[in-house]
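Dumping the structure here so I can ask a few things about it.
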Number of protein chains: 2
Amino acid sequence: MYERYYGILSHILINVGIYGKLNTSTVKLAKALGSTQQTISRKLIEMGNLGLIKREVNVNGVSLQLDCKGLNILKNQYRIMKTGFETRVKSIKGEVRSGLGEGRYYVSLPGYMEQFKKRVGFKPFPGTLNFFVEDYERMMFFLQNLEEIFITGFKTKERTYGSIRTFKAKIDNLKAAVVIPERARHPKGIFEIIAQHNLRNKLKLKDNDKVVITC
Amino acid sequence: MYERYYGILSHILINVGIYGKLNTSTVKLAKALGSTQQTISRKLIEMGNLGLIKREVNVNGVSLQLDCKGLNILKNQYRIMKTGFETRVKSIKGEVRSGLGEGRYYVSLPGYMEQFKKRVGFKPFPGTLNFFVEDYERMMFFLQNLEEIFITGFKTKERTYGSIRTFKAKIDNLKAAVVIPERARHPKGIFEIIAQHNLRNKLKLKDNDKVVITC
DNA sequence: ATTACTAAGAGGCGAGTAG
DNA sequence: TCTACTCGCCTCTTAGTAA
């Protein structure tokens with residue numbers, strides 16, 4: 001609902017804020033928004049009738065101001081986006097799981113290992129610790145908080161290896177990184193983490209033990 | 001451009017953030033967004049083709065993830081709104097001007113005066129100081145920073161008096177308020193400010209003197 | 001220069017339905 | 001169930017043009 005008016009509403013907002021009157025013309029607006037004079041003219045009339053904007057026509061063009069309803073539409077949209085972008089999850093709880101040993105194989109490949117060493121800040125132990133996170137959505141917002149390092153894929157004569165999304169994190173205050181291979185299919189909620197040492201030994205972890213990953 | 005996809009894009013963002021995969025179905029999405037299964041299905045295909053989302057169809061429904069382009073669209077829109085809503089202008093420069101004495105008349109009306117006393121925190125001197133602001137847009141963002149008090153209009157036997165947007169501010173560290181009558185037509189950039197005392201006397205101001213209004 | 005009407009064509013929407 | 005196609009309807013867009 002009202003999405004078709006977002007362009008004009010935001011244009012007013014960014015130019016004169018929530019209280020100001022924007023003196024412009026349908027031609028200028030059309031150019032700014034990649035539309036036509038006729039379409040803008042019609043939309044402004046509609047928006048006026050809907051109570052989204054206050055609109056005054058004068059000899060130089062039109063004077064536009066956000067009206068309550070239009071302002072609320074923008075505010076709601078802003079609130080949604082703010083939640084999405086600014087939600088800060090500082091830590092996440094997981095349970096240790098056994099993987100299939102694939103992580104060990106991939107991490108140990110020089111094509112990945114060299115990039116980890118150079119860009120993540122440690123030479124990873126050739127193996128991954130798998131863990132399960134109950135609240136997948138929360139995990140995603142946790143990842144948004146972490147510094148992302150993009151490990152690029154590579155090719156050998158035999159096959160292609162995909163890229164790996166890598167997020168710097170900490171486990172028990174040890175430097176670590178959550179790794180999400182572009183192509184790998186884990187069951188939902190299963191993630192992998194790498195660190196300089198064998199985490200199972202170093203932290204004395206066994207399956208189903210609780211772990212906390214932090215920023 | 002792409003406004004028609006904002007609903008779906010924001011829905012993904014708020015549910016699983018910028019990295020997550022959202023497991024849903026076209027029916028669920030349609031209900032959540034007030035649309036129909038067919039329309040959502042078609043839009044998802046379009047969005048996939050446009051590179052806005054990564055889309056996987058499975059037996060339970062669809063799995064959706066923001067793709068670079070879709071994420072950038074959201075980020076741009078967010079940036080625009082953030083600028084519009086969060087721009088913080090702490091002070092504004094103006095030059096003293098002479099008004100037409102209307103301010104004096106209106107402020108002194110009991111219908112307004114009582115509200116000022118009760119809600120703005122001082123009994124205003126019956127007169128306004130007019131000032132001119134070069135950067136109208138900046139002034140609007142300055143106003144956004146101030147506490148707004150809405151002074152409602154009233155009727156007498158003779159006529160109707162409109163409402164006055166009132167913003168608490170300071171001039172030379174004195175409590176004051178910028179007043180913008182709903183109906184009054186000032187030339188662009190001309191504003192009025194009220195305070196407990198006669199500002200022209202108290203601050204020894206004459207026309208064209210510089211003043212600074214602060215939060 | 002403006003805004004905005006008209007009319008025709010483009011394109012989105014959703015009921016029905018296949019797979 | 002699910003997705004997604006077809007097709008009729010209707011809305012939106014835009015060129016032309018009036019005021």
Side-chain angles (χ1 to χ4, degrees), chain A residues 1-12 15-16 20-67 69-70 73 77 136 185 187-188, chain B residues 1-12 15-16 20-67 69-70 73 77 136 185 187-188:
Chain A
M1 200 122 106
Y2 300 127
E3 275 95 352
R4 35 199 309 273
Y5 302 120
Y6 281 14
I8 296 176
L9 288 174
S10 331
H11 187 85
I12 299 173
N15 277 287
V16 295
K21 286 187 183 179
L22 176 64
N23 290 305
T24 182
S25 77
T26 52
V27 177
K28 278 187 220 158
L29 261 177
K31 277 184 188 154
L33 300 175
S35 183
T36 61
Q37 181 271 324
Q38 292 90 334
T39 296
I40 298 295
S41 171
R42 185 177 25 78
K43 281 192 179 175
L44 292 180
I45 294 169
E46 291 164 10
M47 293 168 81
N49 294 337
L50 288 166
L52 306 187
I53 57 170
K54 290 175 190 153
R55 167 178 156 271
E56 284 166 28
V57 181
N58 54 54
V59 282
N60 303 314
V62 286
S63 167
L64 306 174
Q65 190 175 14
L66 293 177
D67 206 342
K69 205 165 157 186
I73 289 172
Q77 186 61 19
Y136 172 84
R185 299 268 162 268
K188 183 169 176 175
Chain B
M1 202 121 107
Y2 299 126
E3 276 94 352
R4 39 197 310 275
Y5 302 120
Y6 281 14
I8 296 176
L9 288 174
S10 330
H11 187 85
I12 299 174
N15 277 285
V16 294
K21 286 187 185 181
L22 175 64
N23 290 306
T24 182
S25 77
T26 52
V27 178
K28 278 187 220 159
L29 261 178
K31 276 184 189 155
L33 300 175
S35 184
T36 62
Q37 181 271 324
Q38 293 90 334
T39 296
I40 297 295
S41 172
R42 184 173 27 77
K43 282 192 181 176
L44 292 180
I45 294 169
E46 292 164 8
M47 292 168 81
N49 294 337
L50 288 167
L52 306 187
I53 58 171
K54 290 175 190 155
R55 169 177 153 271
E56 283 167 28
V57 181
N58 55 54
V59 282
N60 302 315
V62 287
S63 165
L64 305 175
Q65 190 176 14
L66 293 176
D67 205 343
K69 206 165 157 187
I73 289 171
Q77 186 62 19
Y136 172 84
R185 298 266 162 269
K188 183 168 175 176

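Reminder, nothing fancy here: chain letters follow the sequence lines and each chain counts from 1.
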Looking at C/dA4, I'd like to know if its phosphate oxygens (OP1 or OP2) sit under 4.0 Å from a side-chain N or O belonging to A/Arg55.
yes
Provide, to the nearest angstrom, the distance between the CG atom belonging to B/Leu33 and the C1' atom belonging to C/dG14.
16 Å
d(CD1, A/Ile40; P, D/dC12) in whole Å:
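After rounding, the gap between these two atoms is 14 Å.
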Nearest-angstrom distance from the residue atom CZ of B/Arg4 to P of D/dT11
16 Å
B/Thr36 side chain N/O closer than 4.0 Å to the phosphate oxygens (OP1, OP2) of C/dC13?
no
Which is true for B/Ser25 with a 4.0 Å heavy-atom rule: it touches a base, it touches only sugar-phosphate, or it touches nothing?
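Sugar-phosphate, backbone atoms only, no base.
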Closest contact, heavy atoms only, B/Leu66 versus B/Leu9:
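In terms of heavy atoms, the two residues are closest at CD2-CD2, 3.7 Å.
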Phosphate OP1/OP2 of C/dA4: any A/Arg42 side-chain N/O under 4.0 Å:
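No, because none of the side-chain N or O atoms of A/Arg42 sits under 4.0 Å from OP1 or OP2 of C/dA4.
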Measure from the side-chain N and O atoms of B/Asn58 to the backbone N and O of B/Asn60, and report whether any donor-acceptor pair falls under 3.5 Å.
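At least one qualifying donor-acceptor pair exists.
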Which is true for A/Lys43 with a 4.0 Å heavy-atom rule: it touches a base, it touches only sugar-phosphate, or it touches nothing?
sugar-phosphate
Find the distance A/Leu29:CG to C/dT3:P and express it as a whole number of Å.
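So the two atoms are 9 Å apart, to the nearest Å.
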Using atom CD of A/Glu46 as one end and atom C1' of C/dT3 as the other, report the distance to the nearest whole Å.
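For the pair A/Glu46 CD and C/dT3 C1', the rounded distance is 15 Å.
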To the nearest Å, give me how far apart CD1 (B/Ile45) and C1' (D/dT6) are.
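From B/Ile45 CD1 to D/dT6 C1': 13 Å.
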What is the distance from CG of B/Asn60 to P of D/dT1, rounded to the nearest Å?
14 Å
Report yes if some heavy atom in the side chain of A/Glu3 is under 4.5 Å from a heavy atom in the side chain of B/Arg4; otherwise report no.
no
Does a sphere of radius 6.0 Å around NZ in A/Lys188 hold more than 12 heavy atoms from other residues, nucleotides or ligands, not counting ones at 6.0 Å or beyond?
yes
Could you check whether the side chain of B/Gln37 and the base of C/dG14 have a donor-acceptor pair of N or O atoms closer than 3.5 Å, going by distance alone?
no
Assign each of A/Tyr5 and A/Gln38 to its nearest nucleotide of DNA chain D by heavy atoms, then name whichever residue's nucleotide is nearer the 5' end.
A/Tyr5
Between C/dT3, D/dC12, C/dG14, which one does the side chain of B/Thr39 approach most closely?
C/dG14
Main-chain N/O of B/Lys21 paired to A/Tyr136 side chain as donor or acceptor, under 3.5 Å:
yes
Send over the distance from A/Tyr2 OH to D/dT11 P, rounded to a whole Å.
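So the two atoms are 16 Å apart, to the nearest Å.
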